[in-house]
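Each chain gets a letter, A, B and so on, in the order its sequence line appears, and its residues count up from 1.
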There are 2 protein chains.
Amino acid sequence: MSVTPSPQQNHLLATLPREVVERLLPHLELVDMPLGMVLYESGDTLRHVYFPTDSIVSLLYVMESGASAEISVVGNDGVIGVALFMGGESTTSRAIVQSAGSAYRVLGKRFKEEFNRHGEMLHLMLRYSQALITQMAQTAVCNRHHSIDQQLCRWLLLSLDRLSGSQLAMTQELIANMLGVRREGVTEAAGKLHRLGVIDYSRGLITVRDRERLESLSCECYAVVKSETDRLLPCNAPHLTH
Amino acid sequence: MSVTPSPQQNHLLATLPREVVERLLPHLELVDMPLGMVLYESGDTLRHVYFPTDSIVSLLYVMESGASAEISVVGNDGVIGVALFMGGESTTSRAIVQSAGSAYRVLGKRFKEEFNRHGEMLHLMLRYSQALITQMAQTAVCNRHHSIDQQLCRWLLLSLDRLSGSQLAMTQELIANMLGVRREGVTEAAGKLHRLGVIDYSRGLITVRDRERLESLSCECYAVVKSETDRLLPCNAPHLTH
DNA sequence: TTTTATCTGTACGCTAGCGTACAGACAGAC
DNA sequence: GTCTGTCTGTACGCTAGCGTACAGATAAAA
């Protein structure tokens, strides 16, 4: 579990040409990402851009009522803080650590200097942004049309892809917050998957036993997001991951 | 209804500095946008970028089953084809004309030349993209948590903002496709609004009688999208529109 | 070991929205 | 005027998911 962190663990950083990384490297700061840490709140001016290595961050929208819904999820395949280079400097969502680990961060100002050189960094970030857009769009569709059972499968797969191994530390309560449903709904869905032998779990630790089955039980949304992400960011394609 | 079309009717084009517009102008082609016209299909390589003047275009996701859901809506406040400059060249959604009118279009290649000069165009497009992202995120949340009644209000308001006047030509069947719900659900919701004196309608023509009331009946999603769009693209702020 | 907090399981009535079916209303074509 | 297709209204049983309540299980703390 305790791999020595390296910027190369983040697929975006690993994709950048050497000279770009070398310019960025002195400004990369390794930070610990404990579960529940809020990177930024809705409306906050973003100070840093984060590149997760082995952590996962959710972009979560929290409504006036307190109810929430996950908009998208970012791991070592991406970056948190696209609003910085998109020009808005803030977003209407919250970025919160969903799975503990580490990340590298850069001051927004430094990052924008590199972005504004209009080189590889710019194009890579734009492609990543499109992948993010795809994920958001698919979330919208999934929320409209699919059952909790299917959505849980999709969510587990998306999270699993961003971790090594087949375990994830996550209570049903937290998953419910992400999906924007009741905790009881997740309990039921998880129970079904357990009875089918697809997953095991106890007190916040989920182990996937039959990933193939999980994929077949998921709605099409997972596959759509995955293939589109692989298309846009070949660096994330399975055969290239480390 | 028959205003002479001018590129300035599109707020993005109207915002660009004169020299940018002058470079673009010779390549702008005025096109008719009849209801139901498909600008591109999921997976298509985009050939043009479209700037609506008085038409409205929906970005619609169509599932394997045929069910659909609107991801976002674009009018004279925006542009269709962000995937071109984001680098993906295609998207997983369909762009379809939801309200007939006109638009100016540019060949993707020409457009990218201007975008790659890294001037005003680039920054404006990125800001618009963030506004689009906000709208998608809010759609996801709204699909999860709000009733058809509320969503219909939001949808009417978003459409109305992109048209002049207080009428929109739109059957309940079409609205249902956009919202991703049954036509009967829309009939019921529209019936309620009618009984409250908020809207009138008959055979595909909706007239908003009490816009203020409509806003109060809508969920928070409309206001969030509106204020964030105004923040990101001040050119769209009410006092500046023509 | 006992206590306490957290996590998970289950139950039950309720409601929004679905699937389906059909009927009336209106506009345009013939 | 009649016909035909489109649009809208209504009804009815069904299901997924909600709100609420509570009980058992397990880990950590005392």
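- In this structure, a donor-acceptor pair under 3.5 Å is present between the side chains of Gln98(A) and Ser58(A).
- The distance from atom CD1 of Ile206(A) to atom C1' of dC7(C) is 12 Å, rounded to the nearest whole Å.
- Here the side chains of Met178(A) and Leu60(A) are in contact, with some heavy-atom distance below 4.5 Å.
- Rounded to whole Å, the distance from CD on Gln151(A) to C1' on dA16(D) is 12 Å.
- Under the 3.5 Å distance criterion, with hydrogens and angles disregarded, a donor-acceptor pair is assigned to the side chains of Arg231(A) and Ser90(B).
- Rounded to an integer number of Å, the gap from Ile199(A) CD1 to dT8(C) P is 10 Å.
- Picking from dG17(D), dG9(C), dT10(D) the nucleotide with the shortest atom distance to the side chain of Tyr201(A) gives dG9(C).
- Atom CG of Leu179(A) and atom C1' of dA16(D) are 15 Å apart (whole Å).
- Among the nucleotides dT20(D), dG9(C), dT20(C), the one closest to the side chain of Arg182(A) is dT20(D).
- Straight-line distance from the CD atom of Gln150(B) to the C1' atom of dA16(C): 12 Å, rounded to whole Å.
- Spacing between atom CG of Leu174(B) and atom P of dC7(D) amounts to 8 Å, rounded to whole angstrom units.
- Leu193(B) places its CG atom 15 Å from the C1' atom of dT8(D), with the value rounded to the nearest Å.
- Across all strands shown, Glu188(B) has no heavy atoms under 4.0 Å from either base or sugar-phosphate atoms.
- At a cut-off of 3.5 Å, with distance as the only test, a side-chain donor of Gln151(A) or Arg144(B) sits close to an acceptor on the other residue.
- At a threshold of 4.0 Å, the pair Glu215(A)-Arg211(A) counts as salt-bridged, since one of the basic side-chain nitrogens sits closer than that to a carboxylate oxygen.
- Residue Val181(A) has its side chain nearest to dC18(D) when only dC18(D), dT20(C), dT8(D) are considered.
- The number of heavy-atom neighbours closer than 6.0 Å to CD of Glu188(A), taken from other residues, nucleotides and ligands shown, is 12 or below.
- Residue side chain Glu184(B) does not reach the base of dA11(D) through any donor-acceptor N/O pair under 3.5 Å, judged by distance alone.
- Residue Gly204(B) is classed as a sugar-phosphate contact, given heavy-atom separations below 4.0 Å to backbone atoms only.
- Taking each heavy atom of Ile80(B) and Pro52(B) in turn, the nearest pair found is CD1-CG, 3.5 Å.
- The side chain of Gln172(A) contributes an N or O atom lying less than 4.0 Å from OP1 or OP2 of dG9(C).
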Legend entry - Nucleic acid footprint by protein, nucleotides 24-30 of chain C - heavy-atom cut-off 4.0 Å, B for base, S for sugar-phosphate alone: -BBS---
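- The C1' atoms of five pairs define one axis at each end of the helix from dT1(C)-dA30(D) to dC30(C)-dG1(D), and these two axes lie 30° apart (to 10°).
- Considering every non-hydrogen atom in both His145(B) and Gly180(A), the closest pair reads CE1-O, 3.5 Å.
- One atom, CD1 of Ile175(A), and another, C1' of dT8(C), lie 12 Å apart when rounded to the nearest Å.
- To the nearest 0.5 Å, atoms CD (Glu173(A)) and CD (Glu184(A)) are separated by 8.5 Å.
- Judged by atom type and distance alone, Arg183(B) does not reach the base of dG19(C) through any side-chain donor-acceptor pair under 3.5 Å.
- Residues Tyr104(A) and Asn10(A) are not in side-chain contact: their nearest non-hydrogen atoms beyond the backbone lie 4.5 Å or more apart.
- The side chain of Ile148(A) has dG17(D) as its nearest neighbour among dG17(D), dG17(C), dT10(C).
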